[in-house]
2 protein chains.
Amino acid sequence: MSLDHILLGMLHEPASGYDLKQEFERSVRHFWFAELSQIYPALKRLEDRGLLQSTVVPSSRGPERRVFETTEDGTKALEEWLRDEPIIAQDRLAYLAQLFFMGKLEDLSETEGFMERLRGMMATRLAILQAIEAEWMGAIGVAGDGLTEIEDDRVFHMYTTLRMGIHSLRSRVEWCDETLNAIRERRARAATRDETEVTRA
Amino acid sequence: MSLDHILLGMLHEPASGYDLKQEFERSVRHFWFAELSQIYPALKRLEDRGLLQSTVVPSSRGPERRVFETTEDGTKALEEWLRDEPIIAQDRLAYLAQLFFMGKLEDLSETEGFMERLRGMMATRLAILQAIEAEWMGAIGVAGDGLTEIEDDRVFHMYTTLRMGIHSLRSRVEWCDETLNAIRERRARAATRDETEVTRA
DNA sequence: GACCCCATGTAAAGGGTTACATGATTTA
DNA sequence: TAAATCATGTAACCCTTTACATGGGGTC
């Protein structure tokens, strides 16, 4: 299971479930999401299987913390997963399903509105990733091509996943634009046809 | 739930669960996937909720077929869903998670192999979608820009989803290439550095 | 006779979301 | 004193995957 391996990957240094949730939001949010209510039992499972071990430590503020660290078996399991074939899951894109059947509404202005809202959402996400990229590049003091100028190999790997998000969202925005153009052309043509008919009548 | 609505969308004419599975493979496979064992109970649920009704009919070959058709309520439910906001689910891209942590292997050739295999998979999928597009364009006898030349609005809607798949996979392949180039540059640089050190020693 | 396609399902297990419960400390 | 943050969890439900069960008809 991927969540388990992501948790193993994040535990290069000891951390609690709560810490790991923060880390999720900070660093892998663009390709994975997990609720706390999913993380806690996952950590317990991993400990039961001997891939993690935990100790309870008092917290400076708030209740006690259960802090996990990787065992040797945990590291082995992670490396095995990293050497696996690329895991590609089935896409399930509900908004494409909506669009696919939207012809049934027999009103292209519905589709136009839908695509405009979709474009907005995609563009917002793209802007967020680009801001993260800019911030990163600033932090490491890199000006030109991040991919070749990054020193650290670990940072390089992380950065490539951000690049994927940017490529992907850019292509989605482009697709929205292509589609919106086509819709507008179709609507314009339909309007002209109607006018001609009205004039003729 | 989206599966339910996709089934409603597909039932413009009466069909059995088995038929609908074929239809899944034929027409929405690039953005949705469902097992038969998921489709049968889904149809039952929809019938219980009054959005579908079914009749059992004998089959020319094999066992009896349970054929479903939409009710008025079913059509209403579908249209409501179509008028909803675009539904964007959380992406969960396991292969990006693998890549994100792959620096831990401390061997860029592992990453290179991984990215080559990933590129292969993406390119294969892209080729499949492009073949479908070509076939389609041939079938409707359209030569130039499909999006504006398609007559039927329903066909237009379906075609846009195929275009999304093509855009998306093309951008993934491009990202793989960008990443592979960067990896090769890094490896070349590392090799040069090693040589210099060997010469010096 | 073996195998594939037609056709319908159930059952168990895995993975994810939403809601609920609890309670301490810090900040406005 | 109210709200936010720290911190850990459980429970119910929903969706998906995998495995199992059944049996007729046609083809090699």
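Note on naming: letters A, B, ... go to the chains in the order of the sequence lines (proteins, then strands), and numbering restarts at 1 for each one. If you're wondering where the values come from, they're calculated on a predicted model, not measured in any experiment.
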Whole-Å distance between [N] [atom2] and [X] [atom1]?
X: B/Asp48; N: C/dG9; atom1: CG; atom2: P; result: 12 Å
X: B/Lys21; N: C/dC6; atom1: NZ; atom2: P; result: 13 Å
X: B/Arg92; N: D/dC15; atom1: CZ; atom2: P; result: 15 Å
X: A/Leu3; N: C/dT17; atom1: CG; atom2: P; result: 10 Å
X: A/Asp4; N: C/dG14; atom1: CG; atom2: P; result: 12 Å
X: B/Leu20; N: C/dA7; atom1: CG; atom2: C1'; result: 13 Å
X: B/Leu46; N: D/dC15; atom1: CG; atom2: P; result: 11 Å
X: B/Leu7; N: D/dT16; atom1: CG; atom2: P; result: 11 Å

query: Quick one: on DNA chain C, does B/Gln90 or B/Asp19 contact a more 5' nucleotide (nearest heavy atom)?
result: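 Its nearest nucleotide being more 5', the pick is B/Asp19.
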
query: Can you find a side chain N or O atom of B/Lys44 that sits less than 4.0 Å from OP1 or OP2 on C/dT10?
result: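 Yes, because at least one side-chain N or O of B/Lys44 sits under 4.0 Å from OP1 or OP2 of C/dT10.
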
message: Quick check against the 3.5 Å criterion: does A/Glu47 have a side-chain atom that pairs as donor or acceptor with the backbone of A/Ser54?
response: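 Yes, A/Glu47 side chain to A/Ser54 backbone: donor-acceptor pair under 3.5 Å.
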
query: Between B/Asp91 (side chain) and B/Leu93 (backbone), is there a donor-acceptor pair under 3.5 Å?
result: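 No, the answer is negative, given that no donor and acceptor are paired below the 3.5 Å cut-off.
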
B/Glu151 CD: over 12 foreign heavy atoms closer than 6.0 Å: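 At most 12 heavy atoms, drawn from other residues, nucleotides or ligands, come within 6.0 Å of this atom.
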
Counting heavy atoms from C-beta on, name the nucleotide in [options] closest to the side chain of [X].
X: B/Arg65; options: C/dA7, D/dC6, C/dG16; value: C/dA7
X: A/Tyr18; options: C/dT10, D/dC6, C/dT8; value: D/dC6
X: B/Ser16; options: D/dG9, C/dT8, C/dG16; value: C/dT8

message: Using 0.5 Å steps for rounding, measure from the CG atom of B/Leu105 to the CZ atom of B/Phe114.
response: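 Nearest 0.5 Å value for the CG-CZ distance: 10.0 Å.
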
query: CG of A/Leu162 to CD of A/Gln130: how many Å apart, nearest 0.5 Å?
result: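 The CG atom of A/Leu162 sits 9.5 Å away from the CD atom of A/Gln130.
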
message: Within the structure provided, determine whether B/Arg172 and B/Arg125 are in side-chain contact (heavy-atom separation under 4.5 Å).
response: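 No, side chains not in contact.
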
- request: Give me the one residue out of B/Phe100, B/Phe101, B/Tyr95 that meets ring-ring contact (aromatic ring centres under 6.0 Å, His included) with A/Phe31.
  value: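 Among B/Phe100, B/Phe101, B/Tyr95, the one meeting ring-ring contact (aromatic ring centres under 6.0 Å, His included) with A/Phe31 is B/Phe100.
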
message: Below 4.0 angstrom, which residues in residues 31-43 of chain A have at least one non-hydrogen atom near DNA chain D?
response: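 Nucleic-acid contacts, sorted: A/Leu36, A/Ser37, A/Tyr40.
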
